[in-house]
Amino acid sequence: MADYNPQEIETKWQKRWAEARVFETEADSTKPKYYVLEMLPYPSGTMHMGHMRNYAIGDVVARVKRMRGFNVLHPMGWDAFGLPAENAAIKNNTHPRIWTNNNVGEFQRTLRRFGFSYDWRREISTCEPEYYRWNQWFFLQMLERGLAYRKKSRVNWCPKCATVLANEQVVNGGYCWRHEDTLVESRELEQWFLKTTAYADQLVDDLKQLEGTWPERVITMQRNWIGRSEGARVKFALADVPGAPPIEIFTTRIDTIYGATAIILAPTHPLVTKLLDGSPNRADAEGQLARMRQTSVKTEDLATAEKVGFFTGRHASNPFSNEKISIWVANFVLMEYGTGAIMAVPAHDERDFEFCRKYGLPVRVVVQPSEGEALVEVEMTAAFDEHQNGKLVNSGPFNGLSPDEAIVKMTAFAEQKGFGRGEVVFRLRDWGISRQRYWGTPIPVVYCPEHGLEPVPYKDLPVLLPPHPKLTGEGESPLASTPEFVNTTCPKCGGPARRETDTMDTFVDSSWYFYRYCDPHNAEAPFDPAKVAYWFPIDQYIGGITHAILHLLYSRFWSKVMRDLGLVKHNEPIFRLFTQGMIQKGGVTMSKSRGNVVGAIDMAEKYGADTSRLYTLFAAPPEKDLEWSEESIEGSWRFLNRVFRLVDKHASAIRDTQNWNFDAKGMTDKERDLIRVTYQTLLRVTQDFEKRWHFNSAIAQIMELTNEIYLSEPLENGVRPEIRKEVLEILTLLLAPMTPHIAEEMWEMLGHEDGLWKAPWPVLTDGQLELAKDQEVEIPVQVNGRVRTILRVPAGLSEAELVAKANADPAVARHLAARRIVKVIFRPNKLLNLVVE
RNA sequence: GCCCGGGUGGCGGAAUGGCAGACGCUGAGGACUUAAAAUCCUCCGGGGAUUUUUCCUCAUGUGGGUUCGACUCCCACCCCGGGCACCA
């Protein structure tokens, strides 16, 4: 009699797995491959159970696939660059590398303690020169192709981070994604960009390939983020400024152009100052303009702010109607989108309606609903903006067309006349990657007084971070105040030159790390394309919904660039994506900053890794958020003890028994019942693992099986040792993907000298499938859809026989009374429903 | 405002058109024990009738609908969570 001692068992098996190198894999074209990956963690502080859920799910998948004969790649690494390391280093007067490496050590120890089946030889850390040199290599490749460029731009500046943020890192309408209480400011700086917009079309089109294997909402979020709009660009000539260039506007509703009653420019539109030159309204206008230009960058405010604007005193003429309309400037028109100028069609656009009513601009209906009452301008209280359902009026030669027809014809007309053309506009902007911080990948270019911007030659990569930076957390990049880094020579002329001092956004690191896992120690190239061709695409990627836009969009972009560089063949790197729910405590997501974490190591020490893993899988389906409960985890602990005692009790009697030959002859009823429930459990659990990912109900099934076995105790009475062995072995194998250590231990107790890691997932023969079938079934008998009795009958009973039995049953007879049966619904082995008058 | 999720016992959850509440937690009772813990067994949605047994009835956010039959499908609404938010 031994007690279940998880600390001892878990250490023992982790050691054996490592010695036998069980989880180390190589590309092998003779075997089917399976690449399962969990998003790489940012190593900060200690790991909590919120992290572990992600890895527990991935490990189940990896272990099930291995048992099913796949060559499984399951790697782990560290997203090791980033601001917290630098901030912590400043605070503690240490080096970011020391802080980072300590955390990496802590994270690695925790993951190892949980027994996750990673191939640790493939571990990568993005802050190592062996890794980030390839960030620089990719950057130079993009620079050569015009996909990396520098421009002066208004940027999002987080005063706390003291650096620039990408648009995607500005959250909640104007706050820093790391400091959710800090408002992002707007500044003008020279910045490096990657041309994500060059792939905007593909990024949106290829989302179709992901339908069915990616969560719908992730696809929708990406589609909205890219924001593709088809419309037209139209030139409005200036009516009262001779020789001035026309104003170009973008619209998706060119069909409503006869209803345009004003042109509105963004406050920062370059034409605004020209228009105001010599305008009678000038003084007044400039005051308003100044106010508009300095309003906050909070998009949330923008959305709810009242629309304000002013008349420039100038007019433009509508190229379709030659009508003169006034030109305005207003706060709700954005310079960053389209052309920074719009035509206001108040009758058919909600925003324009609001603006024009406020300033008394005319409203003119040009699309009348095809059903119901006709619109009357003065009575309108809202714009009529339906596409589908209307026809054009007051629109010259286009009267009578539907809006959709009119869009096509009017765009063609504008193109023919030379004052407009069809255009597709994206909301997506280029990816600003410059960061004015130390702990990131140096951007590999130098500035020569003679030759200007020069890329660092490939042979000189990596450009290493200087080992002794001056970190202050303020002002420009710490690299700029590190002379031994900045001062260099021009690769072209050898004269003195300055290095670029910006470093790369850390999303660069995570955009391609999963390729490096395929060939992590390659010193000649980012990876061997042949190895990537074997392992890719990632069969299953698992992570939080928080990365639905940023990380996944950049990764998709990077893959497409790599494809165009000829490094990979696929369009999309990730075949199947799963977004798991968060672990919460007290109703909010577990996180260090909220101070509600449950430490992973603490749980492993208290209950063991197996219990901790089991509980995160059992408490809720994996896609849903899960409220951590210290009381509930006790149930998982009790269950594993219960299983262990069961195996322990029978082990000595059955360990040396021959395996059962599956001969059904001579089986006792008790044996049949046990075998049936065991096989049925196996079939259902297999389904839950492979098809539905319902780990929680898989565990429930295994618990039920365990309860059944307990109720059949003592098994020695009427169950032969070989059948006991069959039942307990299957129970053990079912648990193996989720609680691998205890499963290995029990497998050994059951007499196996080879590790369970060598055992395949059980597959039933036809004979065994026969034994899995019910011989007797319980059939609910309904009268008019209400259950009146449950009959226990032999499986496969015919309708007639069942109806006869039902009629004979007093509980049914009572409800049939003397009424006539008008219809019989019969589902074999399932249900009988008698419909009476 | 728009777009997604979701709403089932005291709690986490199960059931993808066929016995609502599997499994687990909590709680109650029993066995074992000098005792406790652990363990094993039983019970546990509401109301009513019958009271050793069983039967009826209500119940899956609300109201309709489809169906022999609806937690499940359809329509409308309410509430909760998340995402987007002047993108022309």
Side-chain angles (χ1 to χ4, degrees), chain A residues 3 171-173 215-221 223-225 227-229 231 249-254 256 264 266 299-307 330-334 336-345 348-352 354-355 385 425-428 545-546 548-549 581 587 614-615 618-621 623-636 638-639 641-642 645 692 694 696-707 710-711 713 778-790 811 814-815 822-827 830-836:
Chain A
D3 276 340
V171 298
N172 300 333
E216 204 182 299
R217 61 178 176 146
V218 174
I219 294 177
T220 308
M221 283 164 82
R223 191 167 281 140
N224 291 342
W225 188 264
R228 184 191 149 101
S229 297
I249 61 102
F250 176 76
T251 178
T252 56
R253 292 294 307 273
I254 194 173
T256 63
I264 310 179
T299 47
E300 191 179 351
D301 285 354
L302 280 179
T304 48
E306 199 183 337
K307 294 179 175 41
N331 64 341
F332 72 97
V333 178
L334 308 174
E336 304 80 47
Y337 186 78
T339 59
I342 64 160
M343 62 176 193
V345 184
H348 304 294
D349 182 283
E350 208 44 64
R351 297 153 301 180
D352 299 346
E354 191 189 327
F355 185 80
D385 57 7
V425 160
F426 293 91
R427 206 187 83 119
L428 183 75
I545 186 75
T546 36
I549 299 175
L614 187 72
Y615 175 66
F618 176 62
E623 69 278 5
K624 278 187 67 172
D625 286 347
L626 178 166
E627 175 72 24
W628 184 266
S629 157
E630 198 70 35
E631 272 175 349
S632 287
I633 193 177
E634 295 277 350
S636 298
R638 281 201 283 265
F639 167 68
N641 274 279
R642 202 166 141 84
R645 277 194 303 274
R692 312 196 313 163
H694 286 195
N696 56 331
S697 63
I699 295 165
Q701 308 273 0
I702 299 170
M703 287 174 168
E704 277 187 83
L705 172 61
T706 308
N707 292 345
Y710 264 87
L711 290 175
E713 287 279 26
E778 289 189 335
I779 297 187
V781 178
Q782 302 180 332
V783 177
N784 284 352
R786 310 192 68 117
V787 178
R788 295 306 174 184
T789 195
I790 291 165
R814 191 171 345 130
H815 291 276
V822 292
K823 196 169 177 186
V824 176
I825 311 288
F826 174 69
R827 295 283 173 275
K830 278 263 180 173
L831 161 134
L832 180 72
N833 186 10
L834 304 172
V835 185
V836 299

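A note on names: the letters A, B, ... follow the listed sequences, proteins ahead of strands, and every chain is numbered from 1. None of the values given here were measured: they were computed from a predicted structure. Heavy-atom basis, side chains included; hydrogens, waters and symmetry copies ignored.
Comparing U39(B), C86(B), A88(B) by their closest approach to the side chain of Thr252(A) singles out A88(B).
When rounded to the nearest whole Å, the span between NE2 of His348(A) and P of A88(B) equals 17 Å. Distance CD (Glu336(A)) to P (A85(B)): 13 Å, rounded to an integer number of Å. Atom-to-atom, CG of Asn784(A) to C1' of G69(B) comes out at 10 Å; the value is rounded to the nearest Å. Taking atom CZ of Arg786(A) as the reference point, atom C1' of C58(B) lies 9 Å away to the nearest angstrom. Atom C1' of nucleotide A85(B) and atom CD of Glu354(A) are separated by 14 Å, given to the nearest angstrom. One interatomic measurement links the two molecules: CZ of Phe618(A) to C1' of C25(B), which rounds to 9 Å at whole-angstrom precision.
Base-pair partner of G17(B): not found among the strands shown (Watson-Crick or G-U wobble, both distances under 3.5 Å). A37(B): no Watson-Crick or G-U partner with both key distances under 3.5 Å is found in any strand. When both distances must be under 3.5 Å, the Watson-Crick or G-U wobble mate of G69(B) does not exist. G24(B): Watson-Crick or G-U partner is C11(B), with both key distances under 3.5 Å.
For the OP1/OP2 pair of U57(B) and a distance below 4.0 Å, the side-chain nitrogens and oxygens of Arg788(A) include at least one atom meeting the criterion. Listed pair Thr220(A) / C84(B) fails the phosphate criterion, with no side-chain N or O lying under 4.0 Å from OP1 or OP2. The side chain of Arg642(A) places an N or O atom within less than 4.0 Å of a non-bridging phosphate oxygen (OP1 or OP2) of C40(B).
Taking 90° from 0 as the syn/anti boundary, the base of G9(B) is oriented syn.
Judged by atom type and distance alone, Glu350(A) does not reach the base of G1(B) through any side-chain donor-acceptor pair under 3.5 Å. Counting atom types as modelled, Arg217(A) pairs no side-chain N or O with a base atom of G83(B) as donor and acceptor under 3.5 Å.
Where Pro621(A) and Thr339(A) meet RNA chain B, the nucleotide closest to each residue was compared, and Pro621(A) sits on the side nearer the 5' end.
Taking the ring centre of Phe355(A) as origin, the terminal cationic atom of Lys307(A) falls outside the region bounded by 6.0 Å and 45° from the ring axis.
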